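Okay, so here's the structure we're looking at.
When reading the values below, keep in mind they use all heavy atoms of this one structure, side chains included, and skip hydrogens, waters and symmetry mates. The structure displayed is predicted, hence computed values, not measured ones. Quick note on labels: first sequence line is chain A, next is B, and so on, each numbered from 1.
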Amino acid sequence: MPRLPDGRYRFDSLEELPPVAVSLGSTAWNRTGDWRSREPVFADQRPPCTHGCPTEQDIVDQLRLCAQGRIREAGELLLSANPFPATTGRVCPHPCTASCNRGQMDGVVDIPGVEAAIGDELISDGFVPARRPRVGGRVAVVGAGPAGMTAAHYLALAGLEVVLYDRDERPGGLLRTGIPPYRLPRRALDAEIDRALRCVEFVGQRALGRDLQLGTLKQEHDAVLVAVGRHAPRPLGLEGEGSGGVHDGLGLLAELHRGQPAPAGKRVVVIGGGNTAMDCARSLLRAGRSVGVFYRRDRASMPAFVDEVEEALEEGVKIEEWVLPEALLLEGGKVRAIRFVRARPGAPDSSGRPRPEPIPSSGFVVEADLVVVAAGEVLDAGPFEKSLLTGGFVAADATLETRMPGVWASGDCLGGGGTVAEAIAQGRRTAAAIARKLGVAGPEPDLLAARGAGADVIGFDRIRPHYFAAVPAVPRSKIDVQSRLGGGEVRVALAHAQASAAAVRCLSCGTCTGCDNCFQFCPDQAVVRDAPGRYRADVARCKGCGICVTECPRGACVLHDLGENG
Amino acid sequence: MTTSEKLLTGNEAAAWGAARAGAEVVAAYPITPQTTIIETLASLVHRGISKAEYIAVESEHSAMAACIAAAHTGARAFTATSSQGLALMHELMHWAAAARLPVVLANVNRAMAPGWSIWTDQNDSLSQRDTGWIQIYCVDNQEVVDSVIQAFALAARTSLPVMVVLDAFVLSHTAEAVHIPEEEEVRPLIPEWNAPWKIDIDRPAALGSLVPPAEYEKMRKKLCDAHAQAALVIEDLAATWRKRFGRGAGLIESYRAEGAETILVTSATIASTARVVIDELRDKGVPAGLVRVRVFRPFPVAALRGALAGAKRVVVLDRNCSYGASGIFYQELRAALCGVPGAPVVHGYIAGMGGRDVTPLTVRAALGRAMEGEAPVPESTWLSE
Amino acid sequence: MPRSTLGGEVEVRLHGRGGQGTVVASLVLARAAMIEGKSVQAFPEFGVERRGAPVTAFLRVGPEKIRVRSKVYRPDHVLVLDRQLIPLVELPADHGGWFVANTPSEPAGLSSLPASWRPATIDATRLARAHGLGSGALPVVNCPMAAAFARITGIVGLDALLQAIRETVPQKPDANAAAAQEAWGTVAAAPTWEQDALQRAFGGS
């Protein structure tokens, strides 16, 4: 029988045709790729968890390693983005889970639980990340809160000489003075700080403006980082705020966490709705006081983390909504009561939330012998020249360098959201910027981009849920209120095996797991597998049908239009 | 277009037929090119147009088993399949017929593998020839919807299962205008099935037990007699349809066959294309006609003898083959005419296997070769050779 | 009495790719013709459809019941939904009609057609994208193409076509109808035979 130039056979007679369907060659002659106007691109994209996380951890890969029982490797990867996983796993409001695609199936993955478990494992393991050989270059970091410690840590790992100053005796900043031990056990915090600052020279009791001057620091170092946070209490503007029995929230927490006894007063009024207000309320509750929180809007508008508010209510904190403090009622230089007026939602303010409008003649008096004002904090602008500030905060450009060349800034002193994760993220970004400036290899600013992932954020529309067996989330057991008030950690940490079980539930959004679906489903054998998990399209065969993209369970493959000239 | 006409494929027409007839249980398994029948039915059930209980099963064997069980309780049971799927039902095809159950099945004619094919020929349904099922072959989508509805009436009136057959793609996936009768127009034509062997919890009974040879033979004779009865019911339903809707064929359909010297005998959609060829020949003064065999079981021996009386030659065009014998309609027709005094010469041709397109040219070739004096051969002549 | 077989019956072949809506285009035209009281038959090439693979569909429209049930081998008109298929469509040289194609080119750009075939063109891909039909990577062009075809061949009128689109198209019926209306107004045809003859005979415009 004749064979055509393209490799096909032609049967000219009945005798030539075989009696059954049997292949005489291959179908390689059929260049189905000639039909193509689109082609698949096999590339990892951004999972929503990483997209939501300020530190942009490579959460999918961490969970994969953890699910495989490779917690140490998961930990090393985690530490490349965040030196304090045992801490953030406990105190972060976990925006990573907010758009976790598994939430639309059988419940979000417990990412913070796994993070804390990995952090705990690293601590008990005594793991220490490797430091690059010493290079020239001295950096001063002022402020040993999460931003300053993170920057100091990565700069030290990069081989630079780093001095870290803080006004307190011990490093930790707000993590130590602001966050109560029932949320963040001190053994975990101390261990993570010890590890982070292993190669950093820490000098305590040095305050900017008092013991340290920016100009001098700049002269003595190749780079300076300011990460002093914001500690100055925002006053309510009422007469008598300096009287006995009236305390500022952060100051009170700092005293309590230094081991001082709680100030006197049986009936406590906390004014404010942020995390500081909740921490004060719950800490004083643990000191045996009766506590009410008074907030000018409703509960849902509170800046405090939802979990914290819920836990506070469970423990017995009373919350009064839509109330404005009007006057402190004093007796003998000490507070005796406080007068509030009720409010209602008015026109939206600059934050888009309704402005509380006082309701006339709605005043009422609340007896109180201890008043805690936790209405927010501002930057103590004293140590800074006016030219370095904007809107009451330190001004910085996109690389977080201030208007004073050679001086960078990170964390709460820049304004911003004020979460620990954001501070850590900024610390790592400034470390990267400073390292780049000093010509040394610093931390990776974007871990996903560094491993070649694209910028598509993978939403649930890109997930094929039928490929995933239902594995319900294991709810983390809470400790009952009685034992909680005894002082222990509020939430139960995940054990090693539980963390792996939680991690198994990760869908690996936008991240190829080498499942071979694209390879198996391609009707034209046009998906080439160069190595497990490494695919490409054979353009001679790929007709752009998109079945590989449709069948990718996790959106790790996209179709590109070849346009009119395809 | 009348207001009640819809643009429907043959498969959609089959589904609408089952819905209008009031199918109560649908059990089916998907197979190309049948799948859109049960997809349409699933959608009609979802939309509340059909009140059927839709059972998704894991094989055609199970589909027929479910229909048998449902029919035993008196429920109107419907399934649809094709090709290998019908073959997988084979064991239970015998059962449904011999248990005298009014199951209705739509089979989309598709060639049997290997030589994998999804295209049409009749070997799948004709392999079920001796199971005892009634077989109706449709010429267009209107006949599909009408035949499915009639099948429910026919099955209930004769206690015989009925297979409605439509060509793969040529009908199954071809859209044309179809009038769907209203429920109230057709439901009264379908009686309740109330045979004594209907399962009734108030009258407990055992079914399918051992039967001694003499009784077995008599039961099989009754099955045969039921087919003779079915032939009458088919003509009766056709008359009702003609009266009520102005359309519809019975066992066979003649087209310009009166006074014809040469008559083409064929079935299903080939008969539609063939009409064009008959018109051309008649226009040229050639006395040719067409007889379409609509019902293959019961085989319409008397009707065919009548329609073909007086013809000089009959040309049978088969889209099927009984390997080692000949085209199957050819075989059956020769048997029907055997011993009839003055019977015409019968030519047998085979074309269109595995979906090979049957065009006016194909039909012309068959008629032309016979009229030019090609000698008939007992094993049929393959037109493509 | 039996009637002449092909009197007034028009046979059409449609060429596209799996996913572009080729079969639906044939159904839209069929339904529109049915609305106008004509007899119709529409069917896809009897094959295994694959996304991206070339797809053929057939359409017959006539005044009387259509009886021929084979594929269309000598189309009276051809509709091509994908410009890459234009050179691949086989056309009988001894028979011809309109060749309506989806391409940004002017009709004169389709110079390789046999002389018996008249080109008409429309950039339905652009229209589909502008009206948000299908995805950016795979615009669904069937409705604007059906409209362009109907306008050029006169096989059905605009009212019936728009009604048919609304009854046939499962998604975005309004956007499809709008795209069809725009296509109806913008399809460009090569001059007709008559215009050609007049041009040759009398010159000028």
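Considering all non-hydrogen atoms of both residues, C:Ser70 and B:Thr273 come closest at N-OG1, 4.3 Å.
The 12-atom threshold is exceeded at CZ of B:Arg369, counting heavy atoms of other residues, nucleotides or ligands nearer than 6.0 Å. By the neighbour-count criterion of 12 heavy atoms within 6.0 Å, atom CD of C:Glu90 is sparsely surrounded, having that number or fewer from other residues, nucleotides or ligands.
Residue C:Phe43 holds its CZ atom at 13.5 Å from OG1 of B:Thr9, rounded to the nearest 0.5 Å. Between atom CD1 of residue B:Ile270 and atom CZ of residue C:Arg69 there is a gap of 12.0 Å, rounded to the nearest 0.5 Å. In this structure, NZ in B:Lys6 is found 8.0 Å from CZ in C:Arg31, a value given to the nearest 0.5 Å.
A salt bridge between B:Asp140 and C:Lys65 is present, with a side-chain N of the basic residue lying under 4.0 Å from a carboxylate O of the acidic one.
For the pair C:Arg67 and B:Asp279, the minimum side-chain heavy-atom distance is below 4.5 Å. In this structure, B:His173 and C:Val23 have side chains that are not in contact, with every pair of non-hydrogen atoms separated by 4.5 Å or more.
Only the backbone of B:Val139 comes within contact range of chain C, judged by heavy atoms closer than 4.5 Å.
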